[in-house]
Amino acid sequence: MKKILAVDVHRLPTQASKVKFLYKQTPLSPIPEKELSHISQLKTSVDDMLNKMGFGPYQILCYLALGFILLTSGAEVVVLSFLVNILERDPQWMLSKVQLAGLSSSIFTGFLLGSSFSGKISDRFGRRQPLTPILLLIYIFGLLSATATRFTTLLFARTLYSVLLGLQFPMSYALLAEITPPLVRGKMLVLAGGFFSFGEIAVCLISIIYLDSPHSGNWRVLLAWIAQPAIICFLLTTKIVKESPRYQFLIQRDVRQGIALLEHIARTNNYRSPHSDAAQEAQASGIASSLSEKQKNGLNLWVLQQDPKASAGTIGSIKTLWVDEYKSISFIIWCVWLGLAVVYYGVRFILPGILETLEHSPMGSQSKALVYQAFITVFSEIPSVVLGYMLVDKSGYGRKKTLMICFVLGGVICMFVSLFNGYEILLLVTVARILINTCFTILIPYTAELYPTRMRTTGIGFADAFGRVGGILMPWIALSLKEINPLAPFVGFAGFCVLAAHCCRSLPYDTAGVHLDFQEEASQYHEMVCLSPVRWR
């Protein structure tokens, strides 16, 4: 076996967090394919191939398809706020405080359970295979809750609905992260987070049409409309979305199927390898091949040199998140998600009451307060996506530093909110929500990139589960502080922002521009190896 070394592999660090920095500086990646045509086999990762294929029609279709279910997820919390207010006053329902609290808690608990089990399912059975039946069930239980005539039926349907939404969230983001080229992954996943914002906006627009006020109206039509994106996503996913090739390569260890999926992406994106053997192979077999033999052999070599733990029986287990350097990463990222959820949901939860108690405020009714809340929600979502898109891959910022800056600024503004009692609060809360929403849009891709494929969905799932724990704890924290002073909750939110910023600072590395699974790559990743060709048919 002859080896042509691109760098001195004996001087490469062994820790994944250190390998990353040298990896970005090696001359291997920028070399054009045509200049390597004399080498019979060059190790090629999935991310190398995705960068060559680019972000094309296949990725766009997948983002649009899965965007519909992300839209439904974003709409759920706003739907809950309208639903609780209406059912409390509807003469046919007149739910008690205990029943309303039970309904709200069951939905957050459902999210928690779904997120916790998502990794065990997805990392074992794939991203797409379990996702399609989940989408169909989301639609069915969404319609069931819209037609419920008893509280127990509504509670049952809405709880299962939230469990299913919790299941799909890590699967959807893991799949999108694994098919997106590293050069644009951060920006594209931030844009995917924009579907959450469009979901909230859609609820506000539908409520204007079908609700007489935030306390009355046809809530059944509202629930039915919000369930429709699930069936659209189901149909598009069945037709368009394929399994993640990275899952086939690294978990199933099915190189042939992984290459077939990459071939499908290449054909959809109109990519053809510039190597001469790809054209010769296509001419000889009569079958158009978008990848060359060198690329296929390189992918096989890359898979062989990945950590064999990817196929172990621990896949999908929380134990995988609690070993080696992932122990500290998991603990820190869970704290960040919990702190973010307390602030994200807390500002929305406490705002109507704050608006009602403003001195010299014309908003004397809760209806007006909810109108202002909806306005602030809609206004703050779009700028946060734009800000996240601009900063997530910007040199000098990236994921980690942007999170730290937004958390610190959000905390400072929350402190300022506690010092005012007039209309200034509206402006400050809007700016704070923009910053906190920006953290949310960036934290999702950051979490997906911190974990390798064998534990990615599990990592996202448990991180999101801790976010749901924050949502469950938030009312107790906010209401306890409100008894001290109506604006005291914002002091607490500022404290959680500072805590989250400190946790982000403690994370070992940024992931901007880094290939997925760099944690699993041996130091020999930087070698160019000459081997005899391998046939794939």
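Throughout, numbering of the chain's residues begins at 1 and tracks the sequence.
Once rounded to the nearest 0.5 Å, the distance linking CD1 of Ile140 with CG of Leu160 reads 11.5 Å. Going from atom OG1 of Thr438 over to atom CG of Leu391 covers 8.0 Å, rounded to the nearest 0.5 Å. Distance CG/Leu71 to CD1/Ile226: 7.0 Å, rounded to 0.5 Å. For the atom pair Phe82 CZ and Ser207 OG, the distance stands at 4.0 Å (nearest 0.5 Å).
The shortest distance between side-chain heavy atoms of Leu154 and Leu87 falls below 4.5 Å. In this structure, the side chains of Ile436 and Val347 stay at 4.5 Å or more apart for every pair of heavy atoms. In this structure the side chain of Ile333 reaches within 4.5 angstrom of the side chain of Leu443, judged on heavy atoms. Put simply, the side chain of Phe490 does not reach to within 4.5 Å of the side chain of Leu428, judged on heavy atoms. Counting only heavy atoms from C-beta outward, the side chains of Phe407 and His502 never approach each other to under 4.5 Å.
Using modelled atom types and a 3.5 Å distance limit, the side chains of Ser145 and Arg158 yield a donor-acceptor pair. Thr453 and Arg456 share a donor-acceptor pair across their side chains, judged by distance under 3.5 Å alone. A side-chain donor from one of Tyr451 and Ser330 sits under 3.5 Å from a side-chain acceptor of the other. A donor-acceptor contact under 3.5 angstrom links the side chains of Arg127 and Thr457, judged on distance only. There is no side-chain donor-acceptor pair under 3.5 Å between Trp219 and Tyr210. For the residue pair Tyr63 and Thr180, a side-chain donor N or O sits within less than 3.5 Å of a side-chain acceptor on the partner. In this structure, a donor-acceptor pair under 3.5 Å is absent between the side chains of Thr72 and Gln228.
Salt-bridge check for Arg185 with Glu178: failed, with every basic side-chain N at 4.0 Å or more from each acidic carboxylate O.
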For this session: Go through the steps to decide whether Thr441 and Tyr389 satisfy the test side-chain hydrogen bond (donor to acceptor under 3.5 Å, both in side chains), and finish with yes or no.
Result: CA-CA 9 Å; Thr441 60; Tyr389 181 87; over 6 Å; no
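Close placement of the Tyr173 and Phe169 rings is indicated, their centers lying within 6.0 Å of each other. For an aromatic pair to be called close, the ring centres must be under 6.0 Å apart, and Phe440 with Phe196 satisfies this.
By the 6.0 Å and 45° rule, Arg399 does not stack over the aromatic ring of Tyr446.
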